[in-house]
Amino acid sequence: MSHRLASGGRLDRTRRLRFTFDGRSYVGHAGDTLASALMANGVRLVGRSFKYHRPRGILTAGPDEPSALVELRAGARREANMPMPVVELFDGLEAQSQNRWPSLAFDILSVNSLLSRFLPAGFYYKTFMWPAAFWEKVYEPLIRRSAGLGWAAKEADPDHYETRHAHCDVLVAGSGAAGLAAARIAAEAGARVILCEQDFELGGGLLLDPALEDWRAATVAALARQSEVTLLPRTTVFGYYDSNVLGAVERVADHLAEPPEHQPRQRYWTIRAREVVLATGAHERLIAFPGNDRPGVVLAGAALSYLRRFAVAPGKRAVVFTNNDEAYDTALALREAGVEIAAIADVRPAAVRADEARRAGIDVRSGSVVTGVGGGRDVERVTVARRNGADGESLAADLLCVSGGHSPAIELASQSRTPLDWSDAIAGFVPGQPVQRQRSAGAARGIFGVAEAASDGATAGRAAVAALGLGKTEAIALPPAVARAGTPSEPFWEVKASGKAFVDLQHDVTTEDIRLAHREGYAHIEHAKRYTTHAMATDQGKTGGLVGAAVLAEARGESIAAVGMPTYRPYASPVSFGVIAGHAVGKNFAPVRRTALHAWHVRHGARFMEAGMWMRPAYYPQPGEEKDAWLSVLREARAVRRAVGICDVSTLGKIDVQGKDAGVFLDRLYTNTFSTLPIGRARYGLMLREDGIVFDDGTTSRLADDHFFMTTTTANAARVLEHMEYHAQTVWPELDVQFCAVTDHWASMSAAGPKARLALAKAVQGLDLANAAFPFMAVGDAQVAGCPVRVFRISFSGELAYEVATPAGFAEPVWEAIMAAGAEHGITPYGVEALGLLRIEKGHVAGAELGGHTTARDLGLERMLKKNGDYVGRVLAGRPGLVAPERPRLVGLRPVDPKARLRAGSHLVAAVGDGQSLGWVTSAMPSVELDCWIGLGMLSGGEAWHDKRLFAAFPLYDEYVEVAVTHPHHVDHENARVRA
Amino acid sequence: MPVSAPEPRSPLVQALKPGRHGAVGARQVTLRAYRRSLVQLQARKGRAADLATAVRQGLGLALPPPGRAETSPTLAAIWIQPSAWLLCAPYLAEGDLARSVRAAVGSAGAVVDQTHGKSVLRLSGPTARAVLETGCRIDLHPRAFAPGQAAATPVGHIDCILRQLDNAPSYELIVASTLAEAFVDWLLHAAAAYGCEVLPPD
Amino acid sequence: MSRYSAFQLFVNAFTGHRSWPRAWRDPAPKPAYDVVIVGGGGHGLAAAYYLAKEHGITNVAVVEKGPIGLGNTGRNTTIVRSNYMFPQNHHFYEWSLKLWEGLEQDLNFNAMVSQRGVLGLFHSDAQRQVFARRGNSMRLSGIDAELLDRDQVRAFVPLVDLDNGRFPVMGGLLQRRGGTARHDAVAWGFARAADRRGVDIIQHCEVTGIRVAGNRVQGVETTRGFIGAKKIGLAVAGNTSRLAQMAGISLPIESHVLQAFVSESLKPMIDCVVTFGAGHFYISQSDKGGLVFGGNIDGYNSYAQRGNLPTVEHVWSAGVTMIPALSRVRVLRQWGGVMDMTMDGSPIICRTPVENLYIDGGWCYGGFKATPAAGWCHAHTIARDAPHEFNRHFTIDRFREGLMIDERGAGPSPWLQ
Amino acid sequence: MHRIDCPWCGVRDEIEFAYRGDATVKRPEAGAGVDAFYAYVYERGNPRGWHIEWWHHAAGCRQWIKVLRHTLTHEIRATAKAGDTVTAPKP
Ligand SMILES: Cc1cc2nc3c(=O)[nH]c(=O)nc-3n(C[C@H](O)[C@H](O)[C@H](O)COP(=O)(O)OP(=O)(O)OC[C@H]3O[C@@H](n4cnc5c(N)ncnc54)[C@H](O)[C@@H]3O)c2cc1C
Ligand SMILES: NC(=O)c1ccc[n+]([C@@H]2O[C@H](COP(=O)([O-])OP(=O)(O)OC[C@H]3O[C@@H](n4cnc5c(N)ncnc54)[C@H](O)[C@@H]3O)[C@@H](O)[C@H]2O)c1
Ligand SMILES: Cc1cc2nc3c(=O)[nH]c(=O)nc-3n(C[C@H](O)[C@H](O)[C@H](O)COP(=O)(O)O)c2cc1C
Ligand SMILES: [Zn+2]
C-alpha cells in the first residue's frame, strides 16, 4: 500500500533507493528519510517501547523523535537507536527494529504492558530486595536484559573521523527563515559566518512552503557566493561551552553506505565564535491522552512535513487534535493531498480558523479533545469528546495528528547559561537576557511565523554585526508578511481519561507516574525526572518534557514557571564516541616519541616498551632466546658486568642552564650544592617537591662558569622544566638564569662495563680517557667518527661507564663506531630491562622507589640534604611525619632459597599469614652477579633489619617467599668499579 | 686524524617518503622536509636591548616582537618566548650557526644549539590551511594570521612552532625531532582528504 | 504500611498506587536541634541516619540548600569499591563495602548495589607492580582482589582491545565485590530511613553562616533563619572550604569540576566496571542500559557543575582506545560535579579547631563509595566527639604533621590528584 | 572551553595551558618556618567567585601567567604577566 503522493515533495523521483527494514525490502527516493520512505510504504509499526514494549510508530519528522528508533547498518557499522526521521535514505540501507523478541509484531515482553500496573515509576526501588542474594543473580540480570534498546556493534569501527577547529565572527545555528536572514545580514556586512544546519537541506520550516522556495533558494545562493561564509548542512550544534565555544558534528558520510575513500564518516567542529545567533526553531509538543503513543499518532507539524517535503500521506483518514492554529495548516494540506479529515478536535471553545475550516466543509469540534485511541497495534479509531468528557464519539481514522503547541528550542541558549523566562503567550520557556555573546532568533525565542522569524533573524544578525563593530549592514530581501487573523493557542497538556497517557514515549513515562512521584515527595522537577526517568531518553524530552513539567505543576498547584525545567545539558542530539575521539584512538591515542636510534633498534630486533610517550628498547632477543625474555635480559646485563654494554639513554631529560646566577639557581632547586662544582665535572643531584618529598634526581655537569648541563629522569623531564620555570619566573625572577630543554638535540648512550674504557678509547678522539686524566664524574668534549660528542663519566649500572652524548643527527654513526670499537670486547646493546636489573644490583633508586611518597631519608640519601641555605622542600621535609623513625627505608632483599622468585609488589611480613605489612618490594629482578633473585624494598625500620629474615608475601598468587634483608647495594658495596 | 662529520640524519628523511599520499585531485598540498640549523637565543637578565643591537649589527636582523618572525636572506628569527628567539638558517656545517651567533651576541645572550632537536617542515598549497585546521587550534584565517606571523601552538597533539611564509599559503612547521615521525604520520593522515605530494627534502 | 516490598507493590497496584506515603516528610525547621548536618547528599543523610540508628540521637536536622541528593551523590559514576593501597584507607573503605552489602535490607530501599566487579587495567611492568602492591596490600587486610592476566581480562570484558597498538593491556586488578549502586536511590533511601527515625530533612534551606561563640558552635544561619545546634556536621562536598571558612577554618582543598557522561540505552555490552590505566577512563553499564563513564577532572578550580571540551575529547579517545566498539555508540548527556580536591587525594572526617564542629569532606573522585561508612564515621565522631578507628587518619592536621595519605603520590597539586 | 588571552601570545585554547592554582600565595622567605610554608603549600582560599590563578602556557611561550577568572561562571576578566599585579573585584 503506497502512501506516496503522485506529485510534490523535495524528492528526486528519478533516483530509486532500495533498502530493507527487518529484512523486508522497500524502495524510496533520493531526498527521503528512512521514516518518510517507510511511511510511503505503509509501514507504521517500527519499534517497541523501553519498559512496556508497546508498539511504536513515527511521531515526528526530525531529531525530536522519541520512539521510532532503529538499529542501522550491520556488523561493525551497526548503530543502535537511530531516530528514523534523521536517517537519510541511501541505496542498500539496512535497518532493524529493536527491543522486541522474537519479532516486532509478536513481542513476548509486551506482557509488561499487561503487568504495567505493578511496574509504576520507581517500582524497582521498592522491591527485589529479598532474598538479598537474588539481586545480582536473578533480578538484576533480568532487568538488564529487558532494559536497553538496541544492540551496539561489537567490533572496531572501520570508519574514521576528523576534527576541525574553526573560528568565526558569527555562528548561526539553524537555517530556517531566522537563521538564513541572520546569516545573510552578517555575511553582507563582511563577517566570517558559519551556518550549521542539522538537516541535510537548508531552510528549516521554509522547506514546507513552496511559496517561499524562491526566497529560500535565493538566500542560500547569496550565502554560498560569499567567500567568508561556510555553509554546513548535516551539522548539529551539540553543545554551547565557555568562552563562546560551541561543538558541532557534521555527518559527512552518514547518508552514504560507506564513506568515500579518504573521507571521514563524521567531522567534529570546535567553533570559536565571536558572536552567536541561535535560530534553532521550536519543538512541537505532544498532548498527553490515553493512547497517544500508538503508531498512527503523528505530530501535526511532522505530518505537514511528510506531506510537503516527502510527498507522503501519513494516513487515509485523519483526526487532528490541537490547541493552536498551525495544525489547521496540516489539516488543509492533508485534505489537499486527498486525506479525509474525520474531524478536528480543537481544545479552544472558538477559533477563527475553526470557522474557516468549517466553511471549507471540515468537521471541527471546538472545545473538544481526544479521549482515546482504538485499534490493534495502530490507530484505527479515535474517540473525540467534549472537554468534560461528554458526547464521546468514536471516529474511524488511521491517522491522528496532534499539536500541543510549540516550545522554543532553548537547549543551546540554556547551556550558555541564559536564564529561561516563561512566556504566557506561547505557553513555553523563552530565552532571557543572554550571558555569553549570543542571541536567539525566530521560533527559538517564540517568534513564530516565517516572515516574523525572518525579520527577527535579520534583527539578530544586525545585533551581532553591531557587537562586532563591523559598521553598517545592508538591507536584505525578506519574505513578505502575510496578515492573517488568528486565535491564540490555549495552553493544554493533558486529557484526563482512563488509560495510559504518555509524557515520555521512549521511557514509557505516564502522567500517572508523574503524579505518583509528586505524591511520594519527589515533587521537585529534578527529583520527578530522576524518579520517573522522564525526559532522560535519547530525545531528552523534546516533545514531552514541558508536558511532564505541566502535569507536575498541576499536581503541585503551582505554575509551570515555578516548577521549571530540568537542567539542559549537552548534547542537543546524541553524539557518537568516535567523532569526538577523532584520530586519537588506538595506536594514535598518544603520539609516539622515538629516540634518534630508534631505527637502529628496530633493525636489530629490539622489543620495545612504552615509557610515557617514548618507545624504548626493552631488550634485544637473539636467536635461541625467543621463548624466554629473561635469557636476553640476563645476557645483556652479564655483558655489562663482565665486558661492556651499550644502552640508548636518550630519553633522559636534558636541560641547558646558563647565566650568572645559574649556580645559585641550581643550589635552590637541588638539596645539594652545585655552585661549587668545578668546571668539567658532573654531580648527582636530588630535588624535592616543596612538600619535602623526593621529586627527581639526575646528574648535572658544569660546562663553564655560567653554564650547566642538567639531566632528569625520563618520566619527570617535563615536570622538572616546568618546576624550574615556575621558580625562575615567579619566585626568584631577579636571578640571571636562562634555560631550555635540549632533550631532543642530544642523543645519548651509555657504554658500561669493565671493558668500557678499552672500547671507547678506540672510538673517541680528542679526549684522554685514562682514569687519571678523566676520572669518575669528569666531563669532556671529543669526537667519535668525526662527530662531536660530549663524554660524561657517570654510571647508573655501577660499572665503569661513560655516557656519550652527541647531536641527535649523529647518533647512529657514533653508536655504530662504538659498537665497532667494542666488537673485540663483546660489546652488547642492552635495553631498559637489563638497565633495571643492573641498577637494582647497585641499589640505585628509580621510578619504583621515587613514587611520590619517599623522602631523602627514606632512600638513604640524607647526606644529600645540605645543612645551610634555602632549597625547595627544605622546610616541609622536616615535618614530624616525614622524619619519623618508623618510616619505611630502602633495603636490599634476597630470597633465602636461591631458586625462589621475588616479585615486585610483594609485601614484607614477619610471618606467613601475618596481615601486618612492614613494607613492600619496590623492584625485583634475577641477578647476574648473585645467581638469585634480588630486590629493593621499603621497609619500616630499614637497616635495623639487615641480615634478618622476613617473608615477601604475594597473596594474590598465594605466595610467600622467605627473604633476607640486606644493604641495598647488592653488588660492589664499596663503589670501586665506577672509579676503576 | 679527525675524520669529518657525516651528514646529520634527520628523522624526517626516513619518515617522509617522497611521492603522493591520499586523494588524487587538484586540491592537494605539498609537504617537504628542510635541513636547517637552529639556535635558541635568550637574552641575559636585563640585556634584551643589548642583544637586539648585537643581533642587528652582527647578524643583520631585527629581533621580532611576540608573535612574529623576521627574515634576512640567510636567517630567520622567530619569537618563541619573552626575550627568546629561535634562529633558523640553512644547514651548512655542524655548530656553525651557534658559533657565529655566539660570536655576534657575546655576553648579551645565551645561545643553545637546537639543530638536531627540532625538525623543520613546510606545508604549502591552497588547502594547506584546511589541512592544518584539523589539528591547529589558532585562527589561521588571513585576517588573523599572515606571512611574518608565527606561533608556538600544538598541532594535532604535538607542540609546534608555526610560521606563515607566503600567501600560497605556505606554513613552516617546527616540531621536536623525537616527535617528527609521529607528526608527519598525523599530517599525512590529515592531508589525505585533499591529497599530499611529498617533495624530496631540501 | 509504608514498608516497601513486592507485596505492598502488588496491593498498591489495585488502588492505582494512590496510597504510597511521602518517602520523607517536608518539615519546617525547628528553632534548634542537637545536631544539624549541613548538606543533604548521601553523606549528610547517612550521618543523620546513623546518628539516629547507632547513637540514638534523633533530634537531628539535615539542612540542604536545594533538593536532596542532587549534589555529587546525584551526578557521579556510581562506582563502589574498596581497592586502596594504604592500610589507613583499607578498613574504612572495606567497612563501607560491608555496609553497602546490607544496605537495601537495612534501609528498606533498593539502592541496586550491584557487585559485578571493578577491573583496573594495567599496561606496563611498572603499573603491574603498583597494582600488585595494592592488591597484595588489600589481601593482607582481608579484602578481595585478584590479579588477572591478559586471557582472564579478555574473558572478563570481551570488548576490551588488549592490543590497541599504543598501550597494550598486560592484565588487570579485579575486585569482584566492587561494582555500582544506584546513586539517586542512595540519597533517597537514607533520607527515607532517617526520616522514619525522626530526623528532619529540610530542603531549600541554604546555610549562609555558622554562628560561633567562644570557639564553640551555636547554630547555623540559613536562608530560612537561624537554626540552633549543639553540634554541627558539614557534609557539603565541593563546598567544604566555603562552609569551613564560615567558621574561620582554612582548608587544604581546592574545588574542581569532574565530568561524567551517559550514552543511549543499549542492550548489555559491559558487565562490570572497567578502568583504563593508560588514560583516565572508566565505564560501566547501568541497569537501564546507559553506559556511564568518566575520566579526569577538568583541572581548574571551579564551582560550576559543568565542564569543557578538552576533557571530553580526551575521555572519549581513551574510551574508544580501550573499547573500540564504543565508536558508534552515541552519548546523550554530559554534566559535571564540583569536588573537594584535597592536597593528598584522601578525605577528611574529623573534629575541627572549632568545638562541636565536624567535617566530612575532601572526597575527590571517590566519595560515593564511601557514603555509608563516611556517614557512619561522621556520626560516630559527632556523637563521641572522637574519631572511630576507621577514620582516625582522616584529619586536617595530617598535612601539618607530614602524615599525608597520598595514594597516587601526586603531592600537593590537586589538579594531579 | 576556556579561551585565555596570554599576554604574550594572544588568545589561546585552554589545552595549551597547564592550570597551576592560586597565584596569590607567595613562597615565604627561607627562614619563615613551617607554618608559613604549610600555608604556602597547602592552604587555599578556594573562592567561589573571582580567583587569581596561575596558568602555565606550556604549549606556547612557556610563561607562567596570571589569570583573573570567576570560578562559578568561568568568565575571564583579565590576564597578566607573572610579575604584574592583578586584583580581584570586590564580591
Ligand atoms: C562526575 C563525578 C563522578 C564521580 N564518580 C565517583 C565514583 O564513581 N565513585 C565514587 O565513589 N565517587 C565518585 N565521585 C565522588 C562522589 O560523587 C562524592 O564524593 C560523593 O557523592 C559526595 O557525597 P556527599 O554527600 O558528600 O556530597 P553531595 O552529594 O554533593 O552533597 C552535598 C550537599 O551539600 C549541599 N550544600 C552545599 N552547600 C550548602 C549550604 N551552604 N547549605 C546547605 N547545603 C549545602 C549541596 O547542595 C549538596 O546536596 C564522583 C564525583 C563526580 C562529580
Ligand atoms: N507553528 C508555528 O508558529 C511554528 C512553530 C515552530 C516553528 N515554526 C516554523 O518556524 C519558522 C520560523 O523560522 P525559524 O528559523 O525560527 O525556525 P525553523 O524551524 O524554520 O528553523 C530552525 C532550524 O534549526 C535547525 N536546528 C535546530 N537545532 C539545531 C542544532 N542544534 N544544530 C543545527 N541546526 C539546528 C533545525 O533543523 C531547523 O532547520 C517558520 O518557518 C515556521 O515554519 C512555526
Ligand atoms: C549513573 C547516572 C546515570 C544517568 N543516566 C542518565 C540517563 O539515562 N539519561 C539522562 O538524561 N541523564 C542521565 N544521567 C544524568 C542526569 O540527567 C543528570 O545530568 C546528572 O545527574 C547531573 O544533574 P544535572 O544535569 O541536573 O546537573 C545519569 C546520571 C548518572 C549519575
Ligand atoms: Zn603565551
Side-chain angles (χ1 to χ4, degrees), chain A residues 79-81 117-118 120 123-129 140 143-144 147-149 151-154 156-157 241-242 247 516 520-521 524 526-527 530 538 569-570 574-578 580-581 584-587 589 610 689 691 693 851-853 879-882 904-905 907 915 917 920 954-956, chain C residues 4 6 9 13 17 20 22-24 67 70 104-105 109-110 114-115 126 129 132-133 135-137 139-140 147 164-167 184-185 264-269 287-289 308-309 312-313 316-317 319-321 324-335 401-403 409-412:
Chain A
E79 291 153 69
N81 307 335
R117 64 160 64 177
F118 306 109
F123 70 95
Y124 30 81
Y125 298 127
K126 298 189 172 101
T127 181
F128 300 134
M129 287 180 272
E140 196 185 31
I143 292 179
R144 289 174 80 81
L149 288 166
W151 289 97
K154 294 194 161 52
D157 190 345
Y241 299 87
D242 293 319
L516 174 65
E520 293 196 77
H524 191 274
E526 298 286 3
H527 278 165
R530 286 157 175 80
T538 53
R569 297 265 186 200
V575 174
S576 63
F577 257 95
I580 304 295
V585 297
K587 73 176 174 46
F589 176 56
E610 300 82 22
R689 304 190 305 223
D691 68 349
I693 298 291
H853 305 104
R879 284 176 291 170
L882 296 186
H907 282 256
S917 168
W920 63 98
F954 205 97
L956 287 168
Chain C
Y4 290 163
L9 200 62
H17 297 281
W20 290 111
R22 288 185 63 102
W24 60 88
L70 293 178
E104 277 104 0
Q105 288 68 29
F109 202 100
N110 189 352
S114 173
Q115 295 178 293
Q129 288 165 16
R133 178 182 163 200
N136 284 322
S137 175
R139 291 283 288 262
L140 288 178
L147 201 60
N164 64 62
R166 189 64 186 88
F167 297 108
D184 294 326
E264 57 197 354
S265 280
L266 295 161
K267 290 295 178 196
M269 65 186 289
D287 284 348
K288 200 157 81 49
N308 276 303
L309 284 169
V312 182
E313 292 158 19
W316 298 27
S317 284
V320 177
T321 299
L326 290 178
S327 182
R328 297 178 93 91
V329 166
R330 296 183 312 148
V331 182
L332 58 83
R333 196 166 166 101
Q334 76 177 87
W335 63 93
E401 292 162 1
L403 294 171

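The chains referred to below are lettered A, B, ... by the order of the sequence lines, with proteins before strands, and numbering in each begins at 1. All values derive from a computational prediction rather than experimental measurement.
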Specify which of C/E104, C/H17, C/Q105 makes the most heavy-atom pairs with chain A at under 4.5 Å.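 Looking at each option in turn, the highest pair count goes to C/H17.
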Selection from C/N164, C/T321, C/V312 maximising heavy-atom pairs under 4.5 Å formed with chain A: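 Answer, by heavy-atom pair count under 4.5 Å with chain A: C/T321.
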Any idea which heavy atoms bring [X] and [Y] closest together, and the distance?
{"X": "A/G905", "Y": "C/N136", "answer": "O-ND2, 2.8 Å"}
{"X": "A/A152", "Y": "C/M269", "answer": "CB-SD, 3.7 Å"}
{"X": "C/S317", "Y": "A/V585", "answer": "O-CG1, 4.0 Å"}
{"X": "A/N81", "Y": "C/S265", "answer": "ND2-O, 2.8 Å"}
{"X": "C/G411", "Y": "A/R689", "answer": "CA-NH2, 3.2 Å"}

Measuring from atom [atom1] of [X] to atom [atom2] of [Y], what distance do you get when rounded to the nearest 0.5 angstrom?
{"X": "A/F589", "Y": "C/R166", "atom1": "CZ", "atom2": "CZ", "value": "9.5 Å"}
{"X": "A/E610", "Y": "C/F167", "atom1": "CD", "atom2": "CZ", "value": "6.0 Å"}
{"X": "C/N110", "Y": "A/F128", "atom1": "CG", "atom2": "CZ", "value": "8.0 Å"}
{"X": "C/Y4", "Y": "A/M129", "atom1": "OH", "atom2": "CE", "value": "8.5 Å"}

Under 4.5 Å from any heavy atom of chain C, what part of A/L516 do you find: side chain, backbone, both or neither?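 Interface part for A/L516: side chain.
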Contacting moiety of A/R144, where chain C heavy atoms sit under 4.5 Å: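 A/R144 touches chain C through backbone and side-chain heavy atoms alike.
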Quick check against the 3.5 Å criterion: does C/S327 have a side-chain atom that pairs as donor or acceptor with the backbone of A/D157?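 No.
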Any side-chain heavy atom of C/E401 within less than 4.5 Å of one from A/R879?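 No; the side chains remain at least 4.5 Å from each other.
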Side chain to side chain, C/D287 and A/Y124, heavy atoms closer than 4.5 Å: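 No, every pair of side-chain atoms sits at 4.5 Å or beyond.
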List in chain and number order the residues that pass salt bridge (charged side-chain N to carboxylate O under 4.0 Å, His left out) with C/R139, two or more places apart in sequence or in another chain; answer none if no residue qualifies.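 Here the qualifying residues are A/D958.
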Sequence neighbours left out, what passes side-chain contact (heavy atoms from CB on, under 4.5 Å) with C/P67? Give chain and number order.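 C/P67: side-chain contact (heavy atoms from CB on, under 4.5 Å) contacts with A/H524, A/H527, C/L70, C/Q203, C/H204.
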